[in-house]
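What follows is one structure encoded as structure tokens, with my remarks underneath.
Index from 1, following the sequence.
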Amino acid sequence: FSYARGDSADADDTAQAGSATTSGSGGGAYTGASEWVDKLSNKALFRIENDDDLCGQRALAVSMMTPDARKKRNEKALIKKARIVANTIGVEGRMNHADFDAFARHYKKHVVIYMDKAEPCYQTEVWGDERVYILWDAPKEHYHLILNVQAFLSKGDSNERFCDPCMKMVRKEYFQN
């Protein structure tokens with residue numbers, strides 16, 4: 001699924017890759033999360049709480065940090081890393097979904113953006129060895145980093161597991177191990 005730059009996005013604005021649907025004005029300063037996003041566990045989501053327009057860049061910067069560094073939540077280090085990402089990809093302000101392609105090309109990572117727990121609303125064209133999962137909180141126009149896609153997509157059913165190739169939850173019996 002794909003969003004192009006431009007108009008506002010909502011849950012009904014999805015289409016096949018290459019279609020002219022939209023991503024909105026991009027992520028901005030943190031003004032609180034949508035109710036359903038607030039209910040997600042810290043295991044599933046790294047909440048980006050910022051007062052600038054770099055939530056997308058911050059989410060990407062956090063994706064490159066070690067788990068120990070993430071736990072420390074060093075704001076100065078995070079701002080520095082977010083600005084490095086912004087300079088590297090050439091996006092100094094709010095990011096649209098399509099802006100994640102510049103990150104994917106430079107860092108050789110596949111970025112997958114979810115807007116809800118259904119299926120991805122956007123994927124970068126670059127498929128690297130590593131995936132970065134991002135949550136787009138559309139009502140708040142804000143990006144967060146999905147730390148654990150299994151925990152994010154889980155509906156509490158221990159008989160399901162995340163299938164990385166198909167990027168969705170499937171019954172455990174479909175896996176060899």
From CA spacing to verdict: side-chain contact (heavy atoms from CB on, under 4.5 Å), N74, K81: CA-CA 11 Å; N74 180 332; K81 289 179 187 304; over 6 Å; no
Residue pairs involving residues 39-48 (criterion salt bridge (Lys or Arg N to Asp or Glu O under 4.0 Å); sequence neighbours excluded):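 Only E35-K39 qualify under salt bridge (Lys or Arg N to Asp or Glu O under 4.0 Å).
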Contact list for residues 56-73, test salt bridge (Lys or Arg N to Asp or Glu O under 4.0 Å), sequence neighbours left out: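 Residue pairs with at least one partner in residues 56-73: D52-R58, R58-E75.
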With a 3.5 Å distance limit and no angle check, can you tell me whether [X] reaches the backbone of [Y] through a side-chain donor-acceptor pair?
X: T124; Y: F100; answer: no
X: D137; Y: S34; answer: yes
X: S154; Y: A151; answer: no

Determine the minimum heavy-atom distance between [X] and [Y], stating which atoms define it.
X: Y143; Y: N96; result: OH-C, 3.5 Å
X: C55; Y: H142; result: CB-CE1, 3.3 Å
X: H97; Y: Y122; result: O-CE2, 3.4 Å

Using a 3.5 Å cut-off and no angle test, enumerate the donor-acceptor pairs between side-chain atoms of residues 83-92 and protein atoms at least two apart in sequence or in another chain.
unit_1: N87; atom_1: ND2; unit_2: R83; atom_2: O; d: 3.3
unit_1: T88; atom_1: OG1; unit_2: I84; atom_2: O; d: 2.7

Test of ring centre spacing under 6.0 Å for H144 and Y114: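 Ring-ring flag for H144/Y114: false, centres at least 6.0 Å apart.
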Atom [atom1] in [X], atom [atom2] in [Y]: separation rounded to 0.5 Å?
X: L45; Y: D38; atom1: CG; atom2: CG; value: 9.5 Å
X: K108; Y: H106; atom1: NZ; atom2: NE2; value: 8.0 Å
X: L153; Y: I146; atom1: CG; atom2: CD1; value: 7.0 Å
X: L135; Y: L145; atom1: CG; atom2: CG; value: 9.5 Å
X: F152; Y: D116; atom1: CZ; atom2: CG; value: 7.0 Å
X: R161; Y: R171; atom1: CZ; atom2: CZ; value: 13.5 Å

Once salt bridge (Lys or Arg N to Asp or Glu O under 4.0 Å) is applied, do any residues pair with [X], and if so which ones, sequence neighbours excluded?
X: K76; value: none
X: D53; value: R94
X: E130; value: K109

ILVMFWY cluster, L54 and M95 together (side-chain gap under 4.5 Å):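 No; M95 is not reachable from L54 via cluster members.
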Hydrophobic cluster identity match, I79 and V62, side-chain contacts under 4.5 Å: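 Not linked; separate clusters.
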Counterpart residues, ring-ring contact (aromatic ring centres under 6.0 Å, His included), relative to Y107 (two or more places apart):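 Scan of Y107 (ring-ring contact (aromatic ring centres under 6.0 Å, His included), adjacent residues dropped) gives F103.
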Set of side-chain hydrogen bond (donor to acceptor under 3.5 Å, both in side chains) partners for D164, sequence neighbours left out: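 For D164, the residues satisfying side-chain hydrogen bond (donor to acceptor under 3.5 Å, both in side chains) (neighbours in sequence not counted) are R131, Y133.
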For K168, side chain to side chain contact (heavy atoms under 4.5 Å, CB included) partners two or more places apart: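 K168: side chain to side chain contact (heavy atoms under 4.5 Å, CB included) contacts with C166, V170.
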Partners meeting side chain to side chain contact (heavy atoms under 4.5 Å, CB included) with A69 (sequence neighbours left out):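 Checked A69 against side chain to side chain contact (heavy atoms under 4.5 Å, CB included); matches are M65, T66.
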Any side-chain heavy-atom pair of N42 and L147 under 4.5 Å: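 SC-SC contact between N42 and L147 ruled out.
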